Number of protein chains: 2
Amino acid sequence: MPSRKPRSAPLYEQIRQLIVAALAAGEWKPGESLPSEAALAERFGASAGTVRRALDELTAEHLVERRQGSGTFVSTHAAPRQPFRFLRLVPDDDAQAFTRELLSCRRLRATAPIALALGLRPAEPVIEVRRLLHRRERPVVLDELWLPEKNFEGLTAEVIESHAGALYALFEARFGVHMVRAQEQLRAVAAPRQAAVLLRVPEGQPLLSVERLAFTYGDRPVELRRGLYLTDHDHYRNDLN
Amino acid sequence: MPSRKPRSAPLYEQIRQLIVAALAAGEWKPGESLPSEAALAERFGASAGTVRRALDELTAEHLVERRQGSGTFVSTHAAPRQPFRFLRLVPDDDAQAFTRELLSCRRLRATAPIALALGLRPAEPVIEVRRLLHRRERPVVLDELWLPEKNFEGLTAEVIESHAGALYALFEARFGVHMVRAQEQLRAVAAPRQAAVLLRVPEGQPLLSVERLAFTYGDRPVELRRGLYLTDHDHYRNDLN
DNA sequence: CAGTGGTCTAGACCACCAT
DNA sequence: TGGTGGTCTAGACCACTGC
């Protein structure tokens, strides 16, 4: 028998990690197809069944999508299967259709909490984006985002305004940053004066505060977001399994 | 070749559904072990691999738990793997430990929205439970529950008070109703007077409103719940995948 | 029709648990 | 030590896609 394996993680898990590393390195871009199961089995020296198991895990994590008859593809926010995977706010009645209004896009230095969340050195430069989401001419969401400048060099108001799709699709297409998962912390808060003005509600109005930390491949945090949701005619939907 | 199969769902899916039906029928109770893979394969006339696939799906849905070396067991809220699977409110700082205070337990007739949510006829009898959750002598959650009386006959304040564990463990042990999954709708609301008094906050204080519809085997709704969470020192945590 | 993923089987071997 | 689930393989056949 050949060399001793440390017998740490199962083979399908090692292969999964190797594929994630290749995705992080950009070997296959979002929307592109991966090699076939047989080709990957050859590459990793494993059986097709073991590679399939690794790909099934990646499918469950939404890192790839499989289409019978055509292949395995890197997930993309450009033409997503699930259009609003990361926006859980849904109208009480009909379908959702938001319009976006960009408020500002500036370069500034990370405050201590922002640097901590994003894993940056204190005062490292970040880009702050502020915007409003409207439905039927009424503001519903006030969003503030902070992004490490080193990952989003060249992000300006013009770049955002000239892009039609979702922000995460822009990040992916223009900066090669694909968002994989996120953690959110929800609270009920009283609307501060400035937010109240923008959302056209009285100061002190109860709002749903949603703090999100979003991660790219390899669990690297690359976006901190703070949303204030007006929940008079919308709600945040969550499924517990 | 023998009879034509309609070729509807794959075999592992059919087997999954048969096992769910057996769970719903109470063939194996929460905490008990299922037959081994080999025995189930024999029973359903399939290979071990196919039965394994069905059991893997049920594991992902938290309907069963598998323990290497000892067997496959029906999930239970009595000794859960994940202690707070359905309570997403976590303290900002340290660990969670709630004490419960029962406010009331009464029998009444379902209002229209309650009947609709639970799939009952109008004015069918339901049991209403109201309670407070405290941490460090401070009220944090005001909970109201509505349960179909036909499924929870004999549920009284005394029954609740005499039970040490979680409510869902009580429901399972005493009424044979195991909660499988739930949908929640979150909003920020202003504390109504009565809730404000109970939670010891000013009237109008922003609170996180959590409406939950919980389902048992076969997606049958059996509990409607309305929680008002004080989120000054706690937050609702959610992971987006 | 060739190539892809999806299903199903059979069997070997390993890791873990109970006794 | 026997029984359980966990991993890995090899191969057959099916269903779907795209040329």
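Computed from a prediction, not measured in an experiment: that's the story for all the values here. So you know, we letter chains A, B, ... as the sequences are listed, proteins then strands, and number each from 1.
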Let me know the distance between [atom1] of [X] and [atom2] of [N], rounded to the nearest Å.
{"X": "E42(B)", "N": "dA10(C)", "atom1": "CD", "atom2": "C1'", "result": "15 Å"}
{"X": "R66(B)", "N": "dC17(C)", "atom1": "CZ", "atom2": "P", "result": "15 Å"}
{"X": "R16(A)", "N": "dC8(D)", "atom1": "CZ", "atom2": "P", "result": "14 Å"}
{"X": "L40(A)", "N": "dG3(C)", "atom1": "CG", "atom2": "C1'", "result": "15 Å"}

Quick one: side chains of residues 47-56 of chain B, donor-acceptor pairs under 3.5 Å with protein atoms, not counting sequence neighbours, listed by atom name and distance.
| from | atom 1 | to | atom 2 | distance (Å) |
| --- | --- | --- | --- | --- |
| S47(B) | OG | G49(B) | N | 3.4 |
| S47(B) | OG | T50(B) | N | 3.4 |
| S47(B) | OG | T50(B) | OG1 | 3.3 |
| R52(B) | NE | E37(B) | OE2 | 3.2 |
| R52(B) | NH2 | E37(B) | OE2 | 2.9 |
| R53(B) | NE | E57(B) | OE2 | 3.3 |
| R53(B) | NH2 | Y12(B) | OH | 3.0 |
| D56(B) | OD1 | R66(B) | NH1 | 3.4 |

Practice prompt. Using five pairs at either end of the helix from dC1(C)-dG18(D) to dA18(C)-dT1(D), determine the angle between the two local helix axes and round it to 10 degrees.
Written response: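 Inter-axis angle at the termini of the helix from dC1(C)-dG18(D) to dA18(C)-dT1(D): 10°.
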Worksheet item: Residues two or more places apart in sequence or in another chain: which of them pass salt bridge (charged side-chain N to carboxylate O under 4.0 Å, His left out) with E211(B)?
Response: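 E211(B): no salt bridge (charged side-chain N to carboxylate O under 4.0 Å, His left out) contacts found.
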Worksheet item: Under the salt bridge (charged side-chain N to carboxylate O under 4.0 Å, His left out) test, which residues partner R237(B), sequence neighbours left out?
Response: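 Only D239(B) meet the salt bridge (charged side-chain N to carboxylate O under 4.0 Å, His left out) criterion with R237(B).
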Item to complete: Keeping to residues at least two apart or across chains, list the salt bridge (charged side-chain N to carboxylate O under 4.0 Å, His left out) pairs with something in residues 156-167 of chain B.
Response: none
Worksheet item: Which of residues 47-65 of chain A have a heavy atom under 4.0 Å from DNA chain C?
Response: R52(A)
Fill in: Near-strand residues of residues 29-38 of chain A, defined as heavy-atom separation under 4.0 angstrom from DNA chain C
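Nucleic-acid contacts, sorted: S36(A), E37(A).
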Discussion item. Which residues pass the side-chain hydrogen bond (donor to acceptor under 3.5 Å, both in side chains) test with N241(B), not counting sequence neighbours?
Written reply: none
Discussion item. Could you work out, with side-chain hydrogen bond (donor to acceptor under 3.5 Å, both in side chains) as the rule, every residue matching E42(A), not counting sequence neighbours?
Written reply: none
Worksheet item: Is the phosphate of dT7(D), meaning OP1 or OP2, less than 4.0 Å from a side-chain N or O of Y12(A)?
Response: yes
Worksheet item: Does a nitrogen or oxygen in the side chain of T72(A) sit under 4.0 Å from OP1 or OP2 of dT4(C)?
Response: no
Discussion item. Checking T76(A) now: which residues fulfil side chain to side chain contact (heavy atoms under 4.5 Å, CB included) with it, not counting sequence neighbours?
Written reply: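 For T76(A) the side chain to side chain contact (heavy atoms under 4.5 Å, CB included) partners, ignoring immediate neighbours, are P30(A), A78(A), E172(A).
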Worksheet item: Side chain of L11(B): nearest nucleotide among dT9(C), dG5(C), dT9(D)?
Response: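 Shortest atom-to-atom distance from the side chain points to dT9(C).
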Min side-chain heavy-atom separation [X]-[Y] under 4.5 Å:
{"X": "L63(A)", "Y": "S75(A)", "answer": "no"}
{"X": "Y236(A)", "Y": "T231(A)", "answer": "no"}
{"X": "R131(A)", "Y": "L167(A)", "answer": "yes"}

For nucleotides 16-19 of chain D, print each protein N/O atom paired with a nucleotide N/O atom at under 3.5 Å, atom names and distance only.
| from | atom 1 | to | atom 2 | distance (Å) |
| --- | --- | --- | --- | --- |
| dC16(D) | O4' | Q68(A) | OE1 | 3.2 |

Table please: side-chain donor-acceptor pairs of residues 212-222 of chain B below 3.5 Å, with sequence neighbours left out.
| from | atom 1 | to | atom 2 | distance (Å) |
| --- | --- | --- | --- | --- |
| R212(B) | NE | E184(B) | OE2 | 2.8 |
| R212(B) | NH1 | Y168(B) | OH | 3.0 |
| R212(B) | NH2 | F86(B) | O | 2.4 |
| R212(B) | NH2 | E184(B) | OE2 | 3.1 |
| T216(B) | OG1 | H178(B) | O | 2.6 |
| D219(B) | OD1 | R181(B) | NE | 2.8 |
| D219(B) | OD1 | R181(B) | NH2 | 3.4 |

Fill in: Main-chain N/O of M179(A) paired to H77(A) side chain as donor or acceptor, under 3.5 Å
yes
Fill in: Between CD on residue E32(A) and OG1 on residue T72(A), distance to nearest 0.5 Å
13.5 Å
